[in-house]
K.L.:
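The structure that follows is given in the form of structure tokens.
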2 protein chains.
Amino acid sequence: MSKLLEEAVAELSKLPGIGKRTALRLAMNMLRWDKNDVKELTTAIDNFRENIKYCARCNNLSDNDICHICSDSRRDRSVICVVESVGDVQSIENTRQYNGLYHVLGGVISPMQGISPSDLKIDLLVENIEKEGIKEVIIAIGTTVEGETTLFYITRRLAQFKNLKVTTIARGIGFGDEIEYADELTIAHALHNRREITNN
Amino acid sequence: MSKLLEEAVAELSKLPGIGKRTALRLAMNMLRWDKNDVKELTTAIDNFRENIKYCARCNNLSDNDICHICSDSRRDRSVICVVESVGDVQSIENTRQYNGLYHVLGGVISPMQGISPSDLKIDLLVENIEKEGIKEVIIAIGTTVEGETTLFYITRRLAQFKNLKVTTIARGIGFGDEIEYADELTIAHALHNRREITNN
């Protein structure tokens, strides 16, 4: 194979979920692009990797020292939504149902993967709550074993704030899901937390 | 979303088969890479797109004016294998069963997609056969309608060379395929071209 092609394929197949075959297909596809368009792609990647920062307040990805959410004066500065990763911020923003601040942990506690509480941005969260007089913390992390452990750990750390409301997002049957295929724990939880239907 | 991330995602999702979600996953993954490793990826892509050439003899991808196969003195210079695309050269090379030269058409005749014979490197093939005193041309293109049309067209163009042997790769049931799921045309062809099993 051409050395140039070989190197491009080798590099592209380092990306997650991209094997040799897909990498070859991507490289061959780029041959049909204008050279400037390929340059735009690689420049965007370089700029992103070189210049991206983490918000000093909430640990979200940011172009500046403080991210656009933390520096937005129209957001409700009394609520913090705690999430695992940057992608979760995007998912919640997409709903347009939340107007508070965020806090990105950067992972969940996982002894198996060697991630301990000190590897996550939990101290920064505690610091912010204290400094900013936060009224509510919504913990929005996945219901895996690691997620539940993290939820438990954070709840314990926040017990020191007597007037702070700590909530977690509702667990239950997702929209479009069949009860038949849901696991017992989810069904039990959904039953226990049933809601009265009001006719009005 | 961060402008830098947004731009990287927008560019990555221009690649075939990569949507916004996958692009976001790729970008987030690169954050965990060393900056130099990301630079190596983008440099490999840039080098490939900027410097790759098409072999002046066979139209294969090449780092130089003449590709490494055409300039390899150990190859059999009396046979040309005609293929649709650069990827096909790689597939045939991987078998290690062929030691001749190649000719990459750069597509197949497709009136639907506006690809006519003059868009393919057929004149160059005819020229090479004449100039190089080729003895056999193996046409190895897919059995689609477009492929068969191209096969027919090339065969007609090569009829002028009285001493040239023109062959095409065997059609039949692929290894690991069930007869039950093969189409009638393939089965009929495979039956017609049956081979005697020799006991020795």
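Here is how names work: the chains are called A, B, and so on, in the same order as the sequence lines, proteins then strands, and each is numbered from 1.
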K.L.:
Side chain, backbone, both or neither: which part of A:I69 has a heavy atom under 4.5 Å from chain B?
P.N.:
neither
K.L.:
Given heavy-atom pairs under 4.5 angstrom as the criterion, report whether the side chain, backbone, both or neither of B:D34 touches chain A.
P.N.:
backbone
K.L.:
Look at atom CD1 of A:I179 and say whether more than 12 heavy atoms of other residues, nucleotides or ligands are closer to it than 6.0 Å.
P.N.:
no
K.L.:
Sort A:Q90 into side chain, backbone, both or neither according to what part of it lies under 4.5 angstrom from a heavy atom of chain B.
P.N.:
side chain
K.L.:
With heavy-atom distances below 4.5 Å as the criterion, would you say the side chains of B:T42 and A:T43 are in contact?
P.N.:
no
K.L.:
Tell me, for B:E50 versus chain A, whether the close heavy atoms (under 4.5 Å) come from the side chain, the backbone, both or neither.
P.N.:
both
K.L.:
Side-chain heavy atoms under 4.5 angstrom apart, residues restricted to Ile, Leu, Val, Met, Phe, Trp, Tyr: same cluster for A:L105 and A:F161?
P.N.:
yes
K.L.:
I need the minimum non-hydrogen distance between A:W33 and B:R49, along with the two atoms involved.
P.N.:
O-NH2, 2.6 Å
K.L.:
Among B:L24, B:V89, B:L5, which residue has the highest count of heavy-atom pairs closer than 4.5 Å to chain A?
P.N.:
B:L5
K.L.:
Using side-chain heavy atoms (C-beta onward) and a distance below 4.5 Å, is A:R25 in contact with B:P16?
P.N.:
yes
K.L.:
Using a cut-off of 6.0 Å, state whether more than 12 heavy atoms not belonging to B:Q160 lie near its atom CD.
P.N.:
yes
K.L.:
Hey, quick one: are B:V86 and B:V82 part of the same hydrophobic cluster, counting side-chain heavy atoms closer than 4.5 Å, chains of contacts allowed?
P.N.:
no
K.L.:
Could you tell me which portion of A:N51 (side chain, backbone, both or neither) has an atom closer than 4.5 angstrom to a non-hydrogen atom of chain B?
P.N.:
both
K.L.:
If two hydrophobic side chains count as joined below 4.5 Å and joins carry through other members, does B:I66 share a cluster with B:V83?
P.N.:
no
K.L.:
Kindly say whether B:S2 contributes a backbone atom to a donor-acceptor pair with the side chain of A:D63 at under 3.5 angstrom?
P.N.:
no
K.L.:
When you look at CG of B:L191, are more than 12 heavy atoms from neighbouring residues, nucleotides or ligands closer to it than 6.0 Å?
P.N.:
yes
K.L.:
May I ask you to test the B:K14-A:L41 pair for a side-chain heavy-atom distance under 4.5 Å?
P.N.:
no
K.L.:
Are B:M28 and B:I18 linked, directly or through intermediate hydrophobic residues, by side-chain heavy-atom contacts shorter than 4.5 Å (ILVMFWY only)?
P.N.:
no
K.L.:
Taking atom CG as the centre, does B:N163 end up with more than 12 heavy-atom neighbours from other residues, nucleotides or ligands that are less than 6.0 angstrom away?
P.N.:
no
K.L.:
Does B:Q113 have more than 12 heavy atoms from other residues, nucleotides or ligands lying within 6.0 Å of its CD?
P.N.:
no
K.L.:
Does B:K165, at its NZ atom, have more than 12 non-hydrogen atoms belonging to other residues, nucleotides or ligands within less than 6.0 Å?
P.N.:
no
K.L.:
Could you look at A:D37 and say if it's the side chain, the backbone, both or neither that has a heavy atom under 4.5 Å from chain B?
P.N.:
backbone
K.L.:
For a 4.5 angstrom cut-off between non-hydrogen side-chain atoms, does B:L15 reach A:M30?
P.N.:
yes
K.L.:
List the atom of B:A27, the atom of A:F48, and the distance in Å for their closest heavy-atom pair.
P.N.:
O-CE2, 3.3 Å
K.L.:
Could you tell me if the side chain of A:I45 sits less than 4.5 Å from the side chain of B:E11, heavy atoms only?
P.N.:
no
K.L.:
Counting heavy atoms not belonging to B:R21, are there more than 12 under 6.0 Å from its CZ?
P.N.:
no
K.L.:
Please rank A:V38, A:D46, A:N47, A:N29 by heavy-atom pairs under 4.5 Å with chain B and give me the top one.
P.N.:
A:D46
K.L.:
Within a strict 4.5 Å, meaning less than it, do heavy atoms of the A:L61 and B:L31 side chains meet?
P.N.:
yes
